[in-house]
Amino acid sequence: MGVIRRHGSFVLQVNPILCDGFGHCAELAPDLVHLDEWGYPIISPDPLPLADVGAYESARYAERGCPRQALHVAKVHEGGAGTPAPRAGDGPVSRSPRPL
Amino acid sequence: MIEARSLPRLFAGAGTRPATLAEHEVTFQPAAARRALLEELEASGLVGRGGAGFPTVRKVQLIKAQRGHKYVVVNAMEGEPAAHKDHRLLSTNPHLVLDGAEMLAQMVGASRIAVCVARDNPTVVNHVERAIHERERRNLRGPAIDLHTPPWRYVAGEESALVHWLDDNESLPQYRPTKPHVLRIGRGAALVDNAETCANVGLIGRYGADWFRALGTAQHPGSTVVSVTGAVTRPSVLEVNLGTPVATILATAGADPDPQAVLLGGFGGAWLRGEDLATPYCNEALATLGLSVGAGIIAVVPRTACGVAEAHRVVRWMAHESARQCGPCAFGLPALADDLAQVLRGGPDAVAAVARLRERCGVIEGRGACRHPDGVVRFVRSSLEVFRRDVDDHLRGAVCAGARSTQHYLTVPALEHEEDLVWE
Ligand code: SF4
Ligand code: SF4
């Protein structure tokens, strides 16, 4: 395996509407996720460097392990001032245009 | 034509019933199609009047850049129980709001306009219905205007909840991880603007940016509508020049001249101390105190009232109005209300309750899908700060007279049973 140089940074985001608060993610990524007194995850909104492979891997691990698929690892654009990249499928399900 | 430096602007020619289209066109001349609408809007520096205080032109440009069908959504939901401005506007000059909505639709290229009024207010619904009908007969070209009546809930007027309702009949806020986020109805991008913002656009489109900027301050131009409630002899909806001292507005409504504090911006807002009433009413000046105009509410609380009791009633109701989608909001806000109840009762547990309140505020902030919990956190923090004397009294066990009386000053609706809450 060659050395992959990673630039940029990432944030682990939780969709609070989907999250049901069983706290699985705190076990999968204990260094990134803390739980509040009701069992819901508290995740720092500050981006972490992608070069921090350990943190990135555990973020991906939590993302895959979340039973509600509420977690998402978002890449932060260079110079994007903390704005995560948009991803396909955001927003409500697309439907054909229709009258209101 | 209305004089640039005179008030009323938005309420010009307002009578006791809504102006008909003909009367409306006598008061404000007919809306001529200005070609450089977007440039005028940009030059006017209009900021949204719904609460967030976001520059309207930036939203318009964002939606304009989207492809496909577009919608303009006029938000007259008025989720704040103390607010009456949008309803007053729609019951006096509904066509000004609709003019503005049509101009916004022209700017972004929208084919449909959705006017949203809570169904709990049938009078306003009727007024809007009639106004839309009048226009239908007049011009068949241009975007189609429909009236929509979602149920009244505090968060139903939140823009993503409103769009969710139009899209899928549920007044629940949506998760928006990216900023800025384009809300969509079906596939079509939706531009959501407050009714008062639309009315201001209606004026800018007619008279231009220079005319608009003749009132207000450099950063926050124009006039705005405020609902003054609480300890006032004449609870009223007033149109004021932005930058007018808060004390002057209060005097017009016949408020208690020496109040303990006034709540600015509604239940998701914060308190202005009675000592700071000389502050100009505009975001520029209020921002230095960590406040904002918000949804245009001023609620007066006199010195005899207990700040803790008032805050507790508000927070309990706000916790009840959570859409219960997100854990930190569904569990955190009732926890805040319980802590405040503990402080209200006083005694030895109250000291721990205050510490817990501060800690929980930090935990909850920013973790909901919408800004509802953040508004409550701001309100709680500001209450602890501004009513520190009342809080200290309660901590010492000397529960004040205000807490024992049944007289309250903030209008908080009665709590409904959880099963009775209607979201669709
Ligand atoms: S694993 Fe997913 S659903 Fe469970 S608490 Fe974490 S984010 Fe929420
Ligand atoms: S933060 Fe509260 S009000 Fe907003 S979507 Fe979540 S549960 Fe609903």
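Below, read A as the first sequence line, B as the second, and so on, with proteins coming before strands; counting in each chain starts at 1. All values below come from the heavy atoms of this structure, side chains included, with hydrogens, waters and symmetry mates left out. For clarity, every value in this text was computed on a predicted model and none was experimentally measured.
- A distance of 4.5 Å separates CD1 in B:Ile364 from CH2 in A:Trp38, rounded to the nearest 0.5 Å.
- Annotation for A:Arg64: atom CZ counts as buried by contact number, over 12 foreign heavy atoms lying within 6.0 Å.
- Scanning residues 352-363 of chain B against chain A with a 4.5 Å non-hydrogen threshold yields B:Arg360, B:Val363, sorted by number.
- Distance check: A:Cys19 SG to B:Arg367 CZ gives 8.5 Å after rounding to the nearest 0.5 Å.
- Annotation: maximal heavy-atom pairing with chain B below 4.5 Å, among A:Val14, A:Ile43, A:Asp20, occurs at A:Val14.
- Under a cut-off of 6.0 angstrom, the local environment of CD in A:Glu37 is crowded, with over 12 non-hydrogen atoms contributed by other residues, nucleotides or ligands.
- Within the 4.5 Å cutoff, the side chain of A:Pro16 has heavy atoms near those of the B:Tyr175 side chain.
- A pairwise comparison of heavy atoms in B:Cys326 and A:Ile17 identifies SG-CG1, 3.9 Å as the closest pair.
- Contact of B:Ala335 with chain A is made through the side chain alone, with heavy-atom distances under 4.5 Å.
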